[in-house]
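Notes for the one structure printed next.
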Amino acid sequence: MTDCVFCRVVDGSLPHSAVWDDDMTIAFMSTRQQRLGHVLVVPRAHIENVFELDEASGAAVMATTVRMARAVDAAFRPEGLHLWQSNGPAAGQEVPHFHMHVMPRWHDDGLLEWHPGRPPVYPERPELDRQAALIRDSMR
């Protein structure tokens, strides 16, 4: 897919700083480095989001993600590490090709505040049970 920036990385037509590649995945440095050592892991196949991801590709991406997490930890010794993945514009997905971010983190680095300006919601057990049932039923 020539209009996909990550497909162009995969096929070698777009310069990138490669970290790892195998038959199913490629890992490379993000060009939008929020912090030192920010790596992206993508499947070689054009898969837009997690909803289109088959189990074999998902397993391969996760295996490479774990490998990258360990390597980033060894190389940069961060105080923590974030893994994240977004699906669709409402979730902040900017490139429509499934990808995992491997992001080193340090205390007070100011990145990715999960609850800015909003207190967390703590539903009662019946509401959590209702939501769990909806999800279970959708898998049948």
Legend entry - Interatomic spacing from SG in C7 to NE2 in H46 - rounded to 0.5 Å: 5.5 Å
Legend entry - Spacing of T25 atom OG1 and R44 atom CZ [to the nearest 0.5 Å]: 7.5 Å
Legend entry - Same apolar cluster (I L V M F W Y, side chains within < 4.5 Å links), M24/F98: no
Inset, instruction - Look at atom CG of D137 and say whether more than 12 heavy atoms of other residues, nucleotides or ligands are closer to it than 6.0 Å. - result: yes
Inset, instruction - Report yes if the side chains of F28 and V42 come closer than 4.5 Å at any heavy-atom pair, otherwise no. - result: yes
Legend entry - Interatomic distance, H101 atom NE2 to T65 atom OG1 [nearest 0.5 angstrom]: 11.0 Å
Inset, instruction - Find out whether the Lys NZ or Arg CZ of R35 is both under 6.0 angstrom from the six-membered ring centre of W106 and within 45° of the ring's axis. - result: no
Inset, instruction - Apply the test side-chain contact (heavy atoms from CB on, under 4.5 Å) to residues V39 and M29: give CA-CA distance (whole Å), side-chain angles for both, the deciding distance (0.1 Å), then the verdict. - result: CA-CA 5 Å; V39 175; M29 300 308 298; 3.8 Å; yes
Inset, instruction - Would you please classify the geometry between the H38 ring and the W84 ring as parallel, tilted or perpendicular, with 30° and 60° separating the classes? - result: tilted
Legend entry - D73 (side chain) donor-acceptor with F76 (main chain) under 3.5 angstrom: no
Inset, instruction - Examine M100 and L53 and state if one hydrophobic cluster contains both, with Ile, Leu, Val, Met, Phe, Trp and Tyr joined whenever side-chain heavy atoms are less than 4.5 Å apart. - result: yes
Inset, instruction - Following the transitive rule for hydrophobic clusters with a side-chain heavy-atom cut-off under 4.5 Å over Ile, Leu, Val, Met, Phe, Trp and Tyr, establish whether V50 and I135 coincide in one cluster. - result: no
Inset, instruction - Quick one: closest heavy-atom pair of P43 and V10, and the distance? - result: O-CG2, 4.2 Å
Inset, instruction - Taking only Lys NZ, Arg NE, NH1 and NH2, and the carboxylate oxygens of Asp or Glu, determine whether D3 and R8 approach each other closer than 4.0 Å. - result: no
Inset, instruction - Taking the six-membered ring for Trp and the single ring otherwise, decide whether the centroids of H97 and H99 are under 6.0 Å apart. - result: no
Legend entry - From L40 atom CG to T64 atom OG1, the distance as rounded to the nearest 0.5 Å: 13.0 Å
Inset, instruction - May I ask you to decide whether E94 forms a salt bridge with R32, counting only side-chain N to carboxylate O separations under 4.0 Å? - result: yes
Legend entry - Other residues, nucleotides, ligands: >12 heavy atoms within 6.0 Å of E79 CD: yes
Legend entry - 4.5 Å side-chain heavy-atom contact, N49 and Q93: yes
Inset, instruction - Look only at the side chain of E48 and the backbone of G88, and say whether a donor-acceptor pair between them is shorter than 3.5 Å. - result: no
Inset, instruction - Would you indicate whether the side-chain heavy atoms of V102 and R67 approach each other to under 4.5 Å? - result: no
Legend entry - Spatial distance of atom CD (E124) from atom CZ (R130) [nearest 0.5 Å]: 13.5 Å
Legend entry - Check: Q85/N87 side-chain N/O donor and acceptor closer than 3.5 Å: yes
Inset, instruction - Taking all non-hydrogen atoms of both residues into account, name the closest pair between G92 and S86 and its distance. - result: C-CB, 4.1 Å
Legend entry - I47 side chain reached by V61 side chain, heavy atoms, under 4.5 Å: no
Legend entry - Heavy-atom closest pair, residues V41 and A27: CG2-CB, 4.1 Å
